[in-house]
Every structure is written in C-alpha cells, then in structure tokens.
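Everything below concerns the one structure shown next.
Note that the structure is predicted; figures quoted are calculated from it, not measured. Every chain is numbered from 1 and lettered A, B, ... according to where its sequence line falls, protein lines coming before strand lines.
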Amino acid sequence: MSAPSETTRRQQIAEFWQDYRRSPVALAALAVIVVLLALAFGSAWVSPQNPYDMAALDWSDAFKRPGTVGSGGYTHWLGTDNAGRDMLSAILYGLKTSFLIGLSAGALALTIGIAVGLSAAYFGGRLEAVLMRIVDLQLSMPAILLALVMVAMLGQGIGQIILALVVAQYAYFARTTHGAATVERRKDYVEAARSTPLPAHRVLFRHLLPNVMPPLIVVATVQVAGAIALEATLSFLGVGLPLTEPSLGSLISNGFRYIHTDRVWLSIYPGIALMITVVAINLVGDQVRTVLDPRQRR
Amino acid sequence: MIAFVLTRLMQSAVVVLAMSIIVFVGVYAIGNPIDVLIDPGANQAQRQALIERYGLDQPLWRQYFGFLANVAKGDLGTSMVYNVSVTQLVFSRLPATLELVLVSITIATVLGVPLGIWAGYRPDSLSGRAIMALSILGFSVPTFWIGMLLIMTFAVNLGWLPSGGRGPVGSIFGIPTSLATPQGWAHVILPAVNLSLFKMGLMIRLTRAGMVEAMRADYVKFARAQGLREREVVFGHVLRNISIPLVTVFGLELGSTIAFAVVTESVFNWPGVGKLIIDSILQLDRPVMVSYLVMVVILFVMINLVVDLVYARLDPRVRLKGGE
C-alpha cells in the first residue's frame, strides 16, 4: 500500500478513467478545457494578431463590429476594441494569462498547503495547534478579503497577484491535507514506516503523501477555477493586472466602460470565455469528486 | 466555561493585534504615500510640513503605536483624499452597504431555502436537478460578470431599472435608507439580486443536503405512519430539524456578504464601504485602507468568537477540546 508498484498505479488511473467517462457532461467539460488550453498556449500562432504589439494596431480599426474585415485584410470575428485590437486575439492572449496565473497560483498554494498540513499532522503538538489555528482563521475569512489585503500591501502586477492568490488559497489545501493525513497517520503502514530508521521527509513524502492525494486533486481543480475567477475579479476592480497586461478580467473591465453603448462585444465575449473556462473546470472537479469519493458511488 | 471564554477572548485579541500589525506595516512600509498626495510643484517646505502633519517622518513602530493610541481613543486617522476622519467616512458609507446586504440575504434565504427543500425532497426529479445546476452556476460564475449581464439586460436593453448608484434616501425610524422610497427600491434591486446569487447557491446546497439526510430519518417514517400529510411532515418536522445549521450559516455568511459587497458595489457604483476600500486602494489612501481592513478583520474574529461560544454552550465536547 505504501509505495505502490508501477502496475497498480496504472491500474488505478485506468479505473479512474473508466468511472470518469460515465458522465457525458464531464467528458464534454474536459474536452472544452483541453481545447481552451491548446488555444491559449498556442495563442501566438493561432490568433490573427498580436494584440499587445502596439505597432500592429491601427486606430482606424477601432470599434469594428464582429464579422467585419479590418485593415489587416482578415475578418475580426469578435470585433475590435477601442484601440483597434482584434478581440478574438485579445481573448486568446488573455486566456493564456488567466491560465498561467491560475495554474501557478494553484501549484504554489498546493505545495505550501501540503507542507503545512503534512507537518502539522506528522509532528503534532504545539506546531500543529499554531499552524492549524492560523489556517482555520484564514478559512473563516472570504478569499476576496485576504486577496484585497495582499493587493493593498503589495500593489499590482502578475507576481503580486499570484502571491495574493496563494495567500488566499493555500489554507484550503492545508486543511484538506491535515484532515486526510491525521486519519492516515494512525494506520499501521505509517507506524511501521516511522519505526524504521527512515528520515522523516521520506515517510512524509513517499508513504503519507500518496495516500492523501485524492482529496487534494479535487480541491486543486476547484481552486484553480477559483484562482482564475478571483484574478479576473481583482483585475475588473482595477486592483489586479493593469490594462497593458492581457487578462480576461482587464478586458472585461475595459469593455465595461462601453456598457451603455451598443458596443457590447467588448465585454460580452471575454466574459463568455471566462464563464466557459470557470464552469468547465468546476464541472470536471465535480466529476472527479464523485469518482474519488466512494460514498458518492452508487 | 469561564476559562474557555477567557482563552478564546485572549486568542481573538492576539489575532486582531497581529493582523493590525501585518496590515499596518504592509500598507505603510511599501511606497511613499506622500508622493501621491503632494502637488509636484510644491516646494521643500510644504512637502516637509505635510510629511510632519501625517507623522510620516517618524519610524514605523512609532507610527504604529501612534495609530494604536489613536484607535484606543476612537480615532482611526484622517483620510488623505477626502480630508475627513476615517470613522466619519466609514460610518457615512456603512448604511448603504448594510441595506444592500440585508436585502440580498433576504432574497437568498426566501428563494434559496424553498428551492433547496424542493430539490432535497425530490432529488432525482428533473426540477430538482435543474435547481442544483442553477446553484452550481451561482457558485462558479464570477459575481462581477453576472452583475454586468444584469445591467445590460435590465438597465440598458429593457430600461426597467437604473444601472447604478443609490436612489433617493428616505428615513425609516430615523435611519436614513433608500428602502424608504420606491425609487430607492428600484436602485437596490439589481445589486441585491447580484450579491444574493452566491449565497443563494449556498443556501440551496445546504438545505438540500439537510433535506436528503433528514427524509431518511426514523422520525419522518413515524410522522408519516401517524398519518400526517406530507406538508406537515416537511414543514412541521423536517424543516424544524434542519433549520439549526441553516441559521448558523446565515450568521456566518452575514460577514462574508459584507466583504463580497466590494465587487457588487463597484459594478453598480453603489456608494458603500466596499466601493470605498477599492477607491482607497486605487488612490493609495492608506488610513482608509488600514482602518477598513482592520475593522473587517475585527468583525470576522467577533463572528467566529460568537459562533465558537454558542457551540461550546451547546456542545460540552467543544469546551473540553478547545481548552488546549
């Protein structure tokens, strides 16, 4: 159980996939995410224009309706914005920024959360009391509030936003890890591993960690969606990424200024892109939870 | 019990103090607020006078203790942008936020609980599933985006409701509120619906989970065996049993709705404290930032303290474990 061989791991993944694909909605959501990821990270090749290369922009192209052909000779399928930026290109570039921020914040929060949760559960005592008290306190406050505290302290920019998201989200991972690890710690295989002269980090990472991973995967999917939504919210409020950084939130924020005109495509399309992304990730997370949680199996 | 209350009180005080230090140092240590405030054409003497007026020439720890001493006297400092006391500023904005939060929590409860009851009573029906799908949407779609769609639909396209701002303010029992005028209600309805959607999703899920669990319980079987009608079973027995966790969450969510109002207030240009904090971050109005954040932290610590104490009163096991 403690260090599963390669075949059992592979079997587990195969079984997981068997269960996962029973839901057509979750399959569709997964496909949507794969397509969006490919489009976002291939945006430099896929999109008709580099929307943040000022030399490529032409002021005469400003506010073109969706479907019109611009001075570049290609169709602006989703229209252009006030600077003559092709909206489709801007959305793809923005999607990339959103994914990058969401994934790196999620990965960092996961790492820190695991470290905090595992060491609290493994070492126990005062360390556990102090660490988990801080985590509980943070969980009692809404993420947006913690993110605002961080933004107020750090200012704006990609690095600052990622840090703010990590501070706001690591506690979820820490609590989940701690909860699962406390249960696992009492089991025989951990006791056995601890009674050998193995160093603590080896017991922690090779024996304990693999067995607390399933609930963490669920939390991770939900938190990546949460990070993307939170970044968009902060950027929309004007305290996240500046307008010169392509993010879905800053695009929507820019489009919001034209909400009283008929130029709705400036805000509608980036908003739809954001909504599809966040909902798709959440649907995948929901199905992963159903598959991994034996209580929900029929 | 007394020992438990004292420990918890001490812990809360330590938390508030620690957070105030983090926020104060974090906000003041980075950047120089004077650069934002001062007219670039000002001479050295004017600059020096302003720095001394705000105490920015003092070392950070002395500034912090000055801040604490003033807080103890009820003085949270002076806004660098509006040039009025922060206490005055926050209290002038607070009624707007509170009325928005009140209306939206009411909407979330009045709609969310019945929907959750139905979804939990018939979990496999089409309507039950549709309600759950709706709650997932309310959970995951960002609030600001829904707010924008509401403005586009009901204000810009249909023209039924105003797109933002607070309506004329009347007075109910001497409290100034826009809920006293029909125009005020027209202004409050869209932002309140926007703010309520997330909470509604939460209410639906909680109520549904409670319902599903309770409907399997023995007391439901006995109530049915007694020949009670379904309506009496659900509303007389089940609802009564699942209402305790609902009320707890309701209380806890009050605080987080105030924090979430930041987004809705910005979208709808609602002149509450949430809009104030965003404006103060954008304008680097540090006294307002620090005071708002510290005040909200105090609010949350107090809510948690009350919940802890109530639980300890109800469940002796919490008391024993919590004394550590």
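Using a 4.5 Å cut-off between heavy atoms, B:I146 makes no contact with chain A at all. Both the backbone and the side chain of A:I268 have a heavy atom closer than 4.5 Å to some heavy atom of chain B. In this structure, chain A has heavy atoms under 4.5 Å from both the backbone and the side chain of B:I22. Both the backbone and the side chain of B:M148 come within contact range of chain A, judged by heavy atoms closer than 4.5 Å.
Top candidate by heavy-atom pairs under 4.5 Å with chain A, chosen from B:Y292, B:W145, B:F300, is B:W145.
Judged as a ring pair (Phe, Tyr, Trp, His ring centres under 6.0 Å), and not counting sequence neighbours, the contacts of B:F260 are B:F198.
Under the 4.5 Å side-chain criterion, counting only non-hydrogen atoms from C-beta, A:S253 is not in contact with B:F144.
With values rounded to the nearest 0.5 angstrom, B:I277 atom CD1 is found 6.5 Å from A:L148 atom CG. Atoms CG and CG, on B:L299 and A:L145 in that order, are 9.5 Å from each other to the nearest 0.5 Å.
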Distance-only criterion, 3.5 Å: show the donor-acceptor pairs between side-chain atoms of residues 261-268 of chain B and protein atoms not counting sequence neighbours.
from   : atom 1 : to     : atom 2 : distance (Å)
B:T264 : OG1    : B:N194 : OD1    : 3.3
B:E265 : OE1    : B:G274 : N      : 2.7
B:E265 : OE1    : B:K275 : N      : 2.8
B:E265 : OE2    : B:T97  : OG1    : 2.7
B:S266 : OG     : B:V262 : O      : 3.0

Hey, can you pull the donor-acceptor pairs under 3.5 Å for the side chains in residues 217-241 of chain A, sequence neighbours left out?
from   : atom 1 : to     : atom 2 : distance (Å)
A:T221 : OG1    : A:I217 : O      : 3.4
A:T221 : OG1    : A:V218 : O      : 2.7
A:Q223 : OE1    : A:Q169 : NE2    : 2.9
A:E231 : OE2    : A:S235 : OG     : 2.7
A:E231 : OE2    : A:S247 : OG     : 2.8
A:T233 : OG1    : A:A229 : O      : 2.8
A:S235 : OG     : A:E231 : O      : 3.1
A:S235 : OG     : A:L241 : N      : 3.1

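Residue-level contacts of residues 271-283 of chain A with chain B, in order of numbering, are A:G271, A:I272, A:L274, A:M275, A:V278, A:V279, A:N282; threshold 4.5 Å between heavy atoms.
For B:L126, the CG atom is loosely surrounded, since the number of other residues' heavy atoms within 6.0 Å does not exceed 12.
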